[in-house]
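The block underneath contains the structure these notes are about, expressed in structure tokens.
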Amino acid sequence: MQFFDFIGRYFILMSKVFSRPEKRKIYRSRIMFEMEALGLNSIGIAAIISVFMGAVVTLQMSINLESPFIPRYLIGYATRETMILEFSSTVVALILAGKVGSNIASEIGTMRITEQIDALEIMGVNSASYLILPKIVATVLFFPFLTILSILIGTAGGYLIAIFTGVMNPSDYVEGLMYSFKTFSIWYSLIKMAFYALLITSISGFYGYFAKGNSLEVGRSSTKAVVVSSVMILIFDLILTQLLLIA
Amino acid sequence: MIRTEHLFKSFDGRVVLNDISVEFDQGKTNLIIGQSGSGKTVLLKCLVGLHQIDSGSIYYDDTLFSALNFRELKQIRRDIGMIFQGGALLDSSTVEENVRLPLDLFTNQSAKEKRDRVDFCLDRVNLENANKLYPAELSGGMIKRVAIARAIVMNPKYLFCDEPNSGLDPMTSIVIDNLIKEITEEYSITTIINTHDMNSVLEIGEKIMYIHDGKKWWEGTKHDILHADNKELNEFVFASAMAKRAREVVDHGSARS
Ligand SMILES: Nc1ncnc2c1ncn2[C@@H]1O[C@H](COP(=O)(O)OP(=O)(O)OP(=O)(O)O)[C@@H](O)[C@H]1O
Ligand SMILES: [Mg+2]
């Protein structure tokens with residue numbers, strides 16, 4: 001019952017969010033602002049986890065696939081595929097759900113309990129659209145860049161670990177990176193990420209927008225926002241993979 | 001003029017507003033007074049449509065406000081200014097941006113026209129040189145002033161104030177009260193103010209409604225409130241030492257003359 005109530009309220013809110021904006025110019029400047037706040041400011045964390053994950057994947061593969069029947073360059077190939085197919089979209093999105101999701105939910109939740117949202121409504125502003133739409137547009141446009149960045153940095157991380165530890169020959173690694181490259185994999189990754197951005201931002205916006213009570217409640221909403229967006233990311237990973245790669 | 005007829009509002013079966021019928025006059029400072037928890041904020045939020053009422057009607061002049069649809073509601077809200085209990089300024093915007101927001105969204109004024117209007121409103125509330133500050137950098141009194149400036153920037157016909165001077169020192173309170181009264185008279189606004197401050201009541205209470213337990217308990221002006229024949233109202237009014245003194249002075253004055 002609660003589940004259907006949740007779904008219903010979510011879609012009602014989204015129909016408010018996506019209704020015609022008041023003034024385009026205002027929205028454009030707010031989108032630019034959010035791109036910086038939610039996108040640019042997430043580059044650091046995306047880069048750090050990517051370089052480590054790329055390095056660890058390469059290290060694990062080289063240690064565990066020590067066999068004369070497996071060509072060494074496959075390690076580079078495996079690192080690339082892992083980054084592109086799952087890591088740079090899904091895992092990075094999970095991290096971003098924690099960072100950006102809690103940020104959005106607590107920001108909007110605080111605006112709710114300090115009556116800033118009421119104040120917007122009284123002015124005749126569509127508060128849902130004014131607050132949430134720029135964030136959705138900004139993240140849907142920007143997060144895919146984080147995916148590309150993560151792929152580049154992750155594969156570079158593998159290369160670096162190959163050089164520094166000598167677990168494998170760097171030129172084998174690079175050969176693997178080039179091996180059997182399919183452009184569609186990149187598209188698949190970017191599409192997934194754009195979708196995850198929509199999930200994270202809209203779900204977190206939802207929890208913030210309907211926060212009530214005091215700062216404790218805002219904290220709780222922001223935790224819920226992160227948990228629910230993370231679970232939805234995993235569910236949609238399955239669904240989108242089925243739709244894009246298998247079907 | 002704003003008028004309500006038989007207004008009811010409850011939360012989860014608990015009645016908060018019980019059959020409120022009242023009229024607030026244009027060009028006057030109309031006060032809603034009552035104890036904490038008596039339903040003042042809920043009444044104000046019902047009046048502006050932030051809470052859905054259970055039954056009854058609300059009129060803004062000749063418009064049946066409570067029957068407006070979403071679009072009409074948005075339209076009439078351009079004529080409404082509201083000052084919230086905590087100011088409710090947007091934290092991520094400067095003072096200037098806060099006051100300018102309605103102009104940005106709903107007018108096609110040039111940058112200069114907007115700047116002039118914002119400066120005029122900030123000037124009107126005696127707040128200069130604060131344009132670039134963020135709400136976190138303001139004192140409580142300054143926040144209230146910015147909130148007033150924002151509320152009047154679109155020349156509202158209706159102004160709602162939820163405890164405009166709670167948390168302010170008595171002197172600043174009087175300044176804010178008088179500011180609201182001046183603006184109300186100057187632009188002939190229908191102003192409704194929530195308060196439990198007896199200072200304000202005696203200063204600007206041109207029309208006062210006392211709300212008790214969600215019911216309209218008493219109605220009058222600052223001139224009759226000290227001599228009202230109403231037990232609950234008297235308890236409320238004379239809980240303040242200042243009001244007791246005021247009555248003594250008034251009684252002395254009338255005894256002498
Ligand atoms: N959103 C809500 N949900 C449920 N109950 C509410 C809600 N808002 C207010 N109430 C209840 O309505 C009653 C009146 O509250 P209201 O905020 O109007 O009081 P008030 O007169 O403004 O008090 P104060 O002077 O302290 O601001 C309170 O008992 C409160 O618990
Ligand atoms: Mg209140």
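Throughout, protein chains are lettered first and strands after them, A, B, ... in sequence-line order, and every chain is numbered starting at 1. Side chains included, hydrogens not; waters and symmetry mates left out as well; all remaining heavy atoms used.
Shown here for B/Lys45 and A/Glu115, the closest heavy-atom pair between the two residues is NZ-OE2, 2.8 Å. The minimum heavy-atom distance between A/Ala119 and B/Ala88, with the atom names listed, is CB-O, 3.8 Å. Considering every non-hydrogen atom in both B/Arg78 and A/Met123, the closest pair reads NE-O, 4.2 Å.
Of the atoms belonging to B/Ile80, heavy atoms from both backbone and side chain fall under 4.5 Å from chain A. Only the side chain of A/Leu120 comes within contact range of chain B, with at least one heavy atom under 4.5 Å from a heavy atom of that chain. Neither the backbone nor the side chain of A/Phe33 comes within contact range of chain B, judged by heavy atoms closer than 4.5 Å. No part of B/Leu73 comes within reach of chain A, as not one of its non-hydrogen atoms sits under 4.5 angstrom from that chain.
No more than 12 heavy atoms of other residues, nucleotides or ligands sit less than 6.0 Å from atom CD of B/Gln52. Counting heavy atoms of neighbouring residues, nucleotides and ligands inside a 6.0 Å radius, atom CZ of A/Phe4 does not exceed 12 of them. Within a 6.0 Å radius of OH in B/Tyr187, other residues, nucleotides and ligands contribute more than 12 heavy atoms. Within a 6.0 Å sphere centred on CZ of A/Phe184, other residues, nucleotides and ligands contribute more than 12 heavy atoms. Residue B/Phe8 places its CZ atom among more than 12 non-hydrogen atoms of other residues, nucleotides or ligands, all under 6.0 Å distant. Counting heavy atoms of neighbouring residues, nucleotides and ligands inside a 6.0 Å radius, atom NZ of B/Lys157 does not exceed 12 of them. Counting heavy-atom neighbours within 6.0 Å of B/Lys74 NZ, excluding the residue itself, gives a total above 12. Atom CG of A/Asn214 has more than 12 neighbouring heavy atoms from other residues, nucleotides or ligands inside a 6.0 Å radius.
Two residues are said to be in side-chain contact when any heavy atoms from C-beta on lie closer than 4.5 Å; B/Leu90 and A/Met111 meet this criterion. A 4.5 Å side-chain heavy-atom check between A/Thr114 and B/Phe84 finds every atom pair outside the cut-off. Within the 4.5 Å cutoff, the side chain of A/Asp118 has no heavy atoms near those of the B/Val48 side chain.
No option in B/Asn98, B/Asp91, B/Leu89 other than B/Asp91 meets the side chain to side chain contact (heavy atoms under 4.5 Å, CB included) test with A/Gln116.
The OH atom of B/Tyr158 sits 13.5 Å away from atom CD1 of A/Ile122, with the distance rounded to the nearest 0.5 Å.
For the pair A/Glu121 (side chain) and B/Leu50 (backbone), a donor-acceptor distance under 3.5 Å is absent.
Contact count against chain A (heavy-atom pairs under 4.5 Å) is highest for B/Arg150 among B/Arg150, B/Gln85, B/Met154, B/Gln75. Here B/Asp104 is the residue among B/Asp104, B/Ile83, B/Asp79 with the most heavy-atom pairs under 4.5 Å with chain A.
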